[in-house]
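Scroll down for the structure; my scribbles are underneath it.
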Amino acid sequence: YAPWCPACQQIESTWESFAKESERLGITVGKVDVTQEPGLSGRFFVTTLPTIYHANDGVFRRYRGSRTLEDLQDYILERKWEAVEPVAGWKSPSSIMMHGMAGLFHLSGWIRQIHNYLTGTLGVHVWVSYAVFILATLLIGLFLGL
């Protein structure tokens, strides 16, 4: 979820109620703020918000059903998750590919922090910041090419 997301705000009370029922259901319910954990959004290939996953014994399934409390509970109690196709091996959050994707998301966050530092803290003009990143990209490419 993300704090600014209207759909996430709409499901928040339902999700909190679902979390309160988690002990009775024999599960653990959590939520991750993708603005604070961009690597996880890359690892889980989150393209829409909110995104719900069911994980059991290292097997991940994306929940695409109704987002009512009753439907979420039925998904667990009636073991409807067993009929859902697991996330493909290469898209699994534990795969090498998704580890790399998480790394790219961390890198983009790091680049954003540097840009904000240059423009906000040091008062450098935005275009100068862009020029720094263009130059860095060219130099890294040249270095790797050698």
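FYI, the numbering just counts along the sequence from 1.
- In this structure a side-chain-to-backbone donor-acceptor pair under 3.5 Å is missing from Arg64 to Ile52.
- For the pair Arg61 and Val59, the tightest heavy-atom approach, listed with the atom from each and the gap, is NH1-CG1, 3.5 Å.
- The two atoms that bring Ser129 and Thr119 nearest to each other are CB-CG2, 4.0 Å, heavy atoms only.
- A pairwise comparison of heavy atoms in Val34 and Ala2 identifies CG2-CB, 4.1 Å as the closest pair.
- Side-chain contact between Tyr53 and Val32 is absent, with no heavy atoms from C-beta onward closer than 4.5 Å.
- Taking 4.5 Å as the limit, some side-chain heavy atom of His115 sits within range of a side-chain heavy atom of Val126.
- Under the 4.5 Å side-chain criterion, counting only non-hydrogen atoms from C-beta, Trp4 is in contact with Thr35.
- To the nearest 0.5 angstrom, Leu122 atom CG is 11.5 Å from Ile114 atom CD1.
- Side chain of Gln9 to backbone of Pro3: a donor-acceptor contact under 3.5 angstrom is found.
- Scanning all heavy atoms of the two residues, the minimum distance from Thr14 to Thr68 falls at CG2-C, 3.9 Å.
- A salt bridge links Lys31 with Glu12: the distance from a Lys NZ or Arg NE/NH1/NH2 to an Asp or Glu carboxylate oxygen falls below 4.0 Å.
- Centroid-to-centroid, the aromatic rings of Tyr75 and Tyr63 come within less than 6.0 Å.
- Contact annotation: the side chain of Lys80 never approaches that of His54 to less than 4.5 Å [non-hydrogen atoms, C-beta and beyond].
- Considering every non-hydrogen atom in both Val29 and Ser22, the closest pair reads CG2-CB, 3.7 Å.
- The closest side-chain heavy-atom distance from Leu77 to Arg24 is below 4.5 Å.
- The backbone N or O of Thr48 lies less than 3.5 Å from a partner atom in the side chain of Thr51, making a donor-acceptor pair.
- For the pair Trp15 (side chain) and Gly30 (backbone), a donor-acceptor distance under 3.5 Å is present.
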